[in-house]
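Start at 1 with the first residue, then count along the sequence.
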Amino acid sequence: LGGEEKSEENRLAVAQVVKNLCDSLSRTQPSIPQILIGDFNDTPTNHSLVDKLGADTLMKGKSSLYNLTYQLEKKGEGSYFYKNKWEMLDNIIISKTLLHSSKLKVSKAHINHNPMLMYKNRQGVLSPSRTYTGKEYHGGFSDHLPVYVDLIF
């Protein structure tokens with residue numbers, strides 16, 4: 001709460017905790033795949049995800065983690081609509097061991113743009129159908145669109 005600058009310290013702290021957990025898991029079980037998915041309240045290129053968590057935006061980067069949703073953001077897509085702009089706040093981050101797994105293949109990340117999840121305003125602009133705006137109830141689903149990844153066994 002309170003905007004990007006006010007909440008950055010908390011987002012950085014959470015990213016560090018998640019990084020520590022991923023590193024611990026990698027040390028104890030190096031080949032186990034890891035998938036981090038959800039509303040990180042940061043885009044794939046934000047400091048908390050790139051520098052603190054270490055989620056590469058390039059598949060061939062040096063980190064052990066890769067952010068699949070970076071490619072969506074790069075194309076101007078997003079899961080959250082704010083001030084007439086789409087932002088990619090919902091991220092799918094995977095361990096690179098998953099990229100090289102012989103048992104499980106990752107295809108790509110998606111944003112679910114199902115029409116029943118959308119709201120069209122008076123200007124005809126589509127955005128996620130929100131449950132609330134402030135304290136006003138609208139009966140929608142969420143202010144974010146769902147993200148998902150194709151996994152092939």
Side-chain angles (χ1 to χ4, degrees), residues 1-114 117-118 125-134 140-153:
L1 295 173
E4 188 173 352
E5 282 184 37
K6 189 173 180 183
S7 65
E8 183 172 23
E9 184 179 324
N10 292 334
R11 292 190 323 278
L12 291 170
V14 169
Q16 186 63 59
V17 168
V18 173
K19 173 70 171 159
N20 293 345
L21 290 169
C22 289
D23 289 348
S24 176
L25 186 59
S26 293
R27 277 191 303 278
T28 59
Q29 298 180 11
S31 62
I32 194 165
Q34 299 175 33
I35 301 174
L36 311 169
I37 185 167
D39 177 5
F40 286 76
N41 220 24
D42 266 333
T43 67
T45 55
N46 278 119
H47 179 58
S48 68
L49 297 181
V50 174
D51 300 321
K52 278 290 183 187
L53 181 59
D56 278 331
T57 56
L58 300 172
M59 200 176 297
K60 296 187 182 200
K62 61 185 174 191
S63 175
S64 63
L65 299 171
Y66 171 62
N67 194 330
L68 290 169
T69 50
Y70 171 71
Q71 295 303 322
L72 296 171
E73 180 188 56
K74 193 173 166 185
K75 294 189 293 187
E77 296 184 40
S79 57
Y80 181 74
F81 194 74
Y82 182 67
K83 293 186 178 180
N84 290 319
K85 181 183 167 202
W86 284 101
E87 296 181 353
M88 196 70 241
L89 298 183
D90 301 274
N91 291 266
I92 302 172
I93 299 167
I94 62 168
S95 60
K96 291 192 179 166
T97 56
L98 184 57
L99 288 175
H100 306 297
S101 171
S102 60
K103 297 177 184 173
L104 187 63
K105 297 292 180 198
V106 175
S107 177
K108 65 179 184 172
H110 303 276
I111 303 167
N112 186 341
H113 287 96
N114 186 316
L117 302 175
M118 304 299 283
V125 176
L126 286 173
S127 64
S129 182
R130 299 174 66 101
T131 308
Y132 284 92
T133 302
F141 295 97
S142 174
D143 57 341
H144 293 247
L145 293 175
V147 295
Y148 62 98
V149 60
D150 293 332
L151 299 175
I152 302 164
F153 294 91

Could you tell me the separation between the [atom1] atom of [X] and the [atom2] atom of [Y], rounded to the nearest 0.5 Å?
| X | Y | atom1 | atom2 | value |
| --- | --- | --- | --- | --- |
| Leu65 | Cys22 | CG | SG | 5.0 Å |
| His100 | Ser95 | NE2 | OG | 9.5 Å |
| Trp86 | Leu126 | CH2 | CG | 7.5 Å |

Checklist entry - Between the side chains of Thr69 and Asn67, is a donor N or O closer than 3.5 angstrom to an acceptor N or O? => result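 Yes, side-chain donor-acceptor contact under 3.5 Å.
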Item to check | Worked verdict on Leu25 versus Leu21 for side chain to side chain contact (heavy atoms under 4.5 Å, CB included) | outcome: CA-CA 6 Å; Leu25 186 59; Leu21 290 169; over 6 Å; no
How far apart are the closest heavy atoms of [X] and [Y], and which atoms are they?
| X | Y | result |
| --- | --- | --- |
| Thr131 | Gly140 | OG1-O, 3.1 Å |
| Phe40 | Ile93 | CZ-CD1, 4.1 Å |
| Phe81 | Ser127 | CD2-CB, 3.5 Å |
| Pro44 | Val50 | O-CG2, 3.2 Å |
| Ile111 | Ser79 | CD1-N, 4.2 Å |

Checklist entry - Partners of Glu73 by salt bridge (charged side-chain N to carboxylate O under 4.0 Å, His left out), sequence neighbours excluded? => result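 Glu73 satisfies salt bridge (charged side-chain N to carboxylate O under 4.0 Å, His left out) with no other residue.
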Checklist entry - Which residues pass the salt bridge (charged side-chain N to carboxylate O under 4.0 Å, His left out) test with Lys85, sequence neighbours left out? => result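 Lys85 satisfies salt bridge (charged side-chain N to carboxylate O under 4.0 Å, His left out) with no other residue.
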Next on the checklist: So Leu36 and Ile94, do their side chains get closer than 4.5 Å, heavy atoms only?
Outcome noted: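 In short, these two side chains do not touch, never coming nearer than 4.5 Å.
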Checklist entry - Hey, are the side chains of Tyr80 and Pro128 touching, using non-hydrogen atoms and a 4.5 Å cut-off? => result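 In short, these two side chains do not touch, never coming nearer than 4.5 Å.
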Checklist entry - Is it true that a side-chain atom of Lys75 and a backbone atom of Gln71 form a donor plus acceptor pair closer than 3.5 Å? => result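 Checking the backbone N and O of Gln71 against the side chain of Lys75, no donor-acceptor pair under 3.5 Å is found.
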Checklist entry - Do side-chain atoms of Asn112 reach the backbone of His110 as a donor and acceptor pair under 3.5 angstrom? => result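 Not a single qualifying donor-acceptor pair exists.
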Item to check | Pair listing, salt bridge (charged side-chain N to carboxylate O under 4.0 Å, His left out) test, anchored in residues 40-51, at least two apart | outcome: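 Residue pairs passing salt bridge (charged side-chain N to carboxylate O under 4.0 Å, His left out), neighbours aside: Arg11-Asp42.
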Checklist entry - When you look at Tyr70 and Thr45, which way does the side chain to side chain contact (heavy atoms under 4.5 Å, CB included) test go after all the steps? => result CA-CA 7 Å; Tyr70 171 71; Thr45 55; 3.6 Å; yes
Compile the donor-acceptor pairs under 3.5 Å between side chains in residues 141-148 and protein atoms, sequence neighbours left out, one pair per line.
from: Ser142; atom 1: OG; to: His144; atom 2: N; distance (Å): 3.0
from: Ser142; atom 1: OG; to: His144; atom 2: O; distance (Å): 3.3
from: His144; atom 1: ND1; to: Asp90; atom 2: OD1; distance (Å): 3.4
from: His144; atom 1: ND1; to: Asp90; atom 2: OD2; distance (Å): 2.7
from: His144; atom 1: NE2; to: Asp39; atom 2: OD2; distance (Å): 3.4

Item to check | More than 12 heavy atoms of other groups within 6.0 Å of Lys74 NZ | outcome: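 No, because the 6.0 Å sphere around NZ of Lys74 holds 12 heavy atoms or fewer from other groups.
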Item to check | Worked verdict on Thr43 versus Asn46 for side-chain hydrogen bond (donor to acceptor under 3.5 Å, both in side chains) | outcome: CA-CA 5 Å; Thr43 67; Asn46 278 119; 2.8 Å; yes
Item to check | Step-by-step side chain to side chain contact (heavy atoms under 4.5 Å, CB included) determination, Val149 to Leu68 | outcome: CA-CA 8 Å; Val149 60; Leu68 290 169; 3.5 Å; yes
Item to check | Sequence neighbours excluded, every pair satisfying side-chain hydrogen bond (donor to acceptor under 3.5 Å, both in side chains) that has a member inside residues 52-65 | outcome: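 Every side-chain hydrogen bond (donor to acceptor under 3.5 Å, both in side chains) pair that includes a residue of residues 52-65, provided the two are not neighbours, is Asp56-Lys96.
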Checklist entry - Which pairs pass side-chain hydrogen bond (donor to acceptor under 3.5 Å, both in side chains) with one or both residues in residues 20-30, sequence neighbours excluded? => result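 Every pair satisfying side-chain hydrogen bond (donor to acceptor under 3.5 Å, both in side chains) with a residue in residues 20-30: Gln16-Asn20, Lys19-Asp23, Ser26-Gln34.
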Next on the checklist: Under the criterion side chain to side chain contact (heavy atoms under 4.5 Å, CB included), I'd like the reasoning laid out for Glu9 against Leu12: C-alpha separation, chi angles, the key distance, then a yes or no.
Outcome noted: CA-CA 5 Å; Glu9 184 179 324; Leu12 291 170; 5.7 Å; no
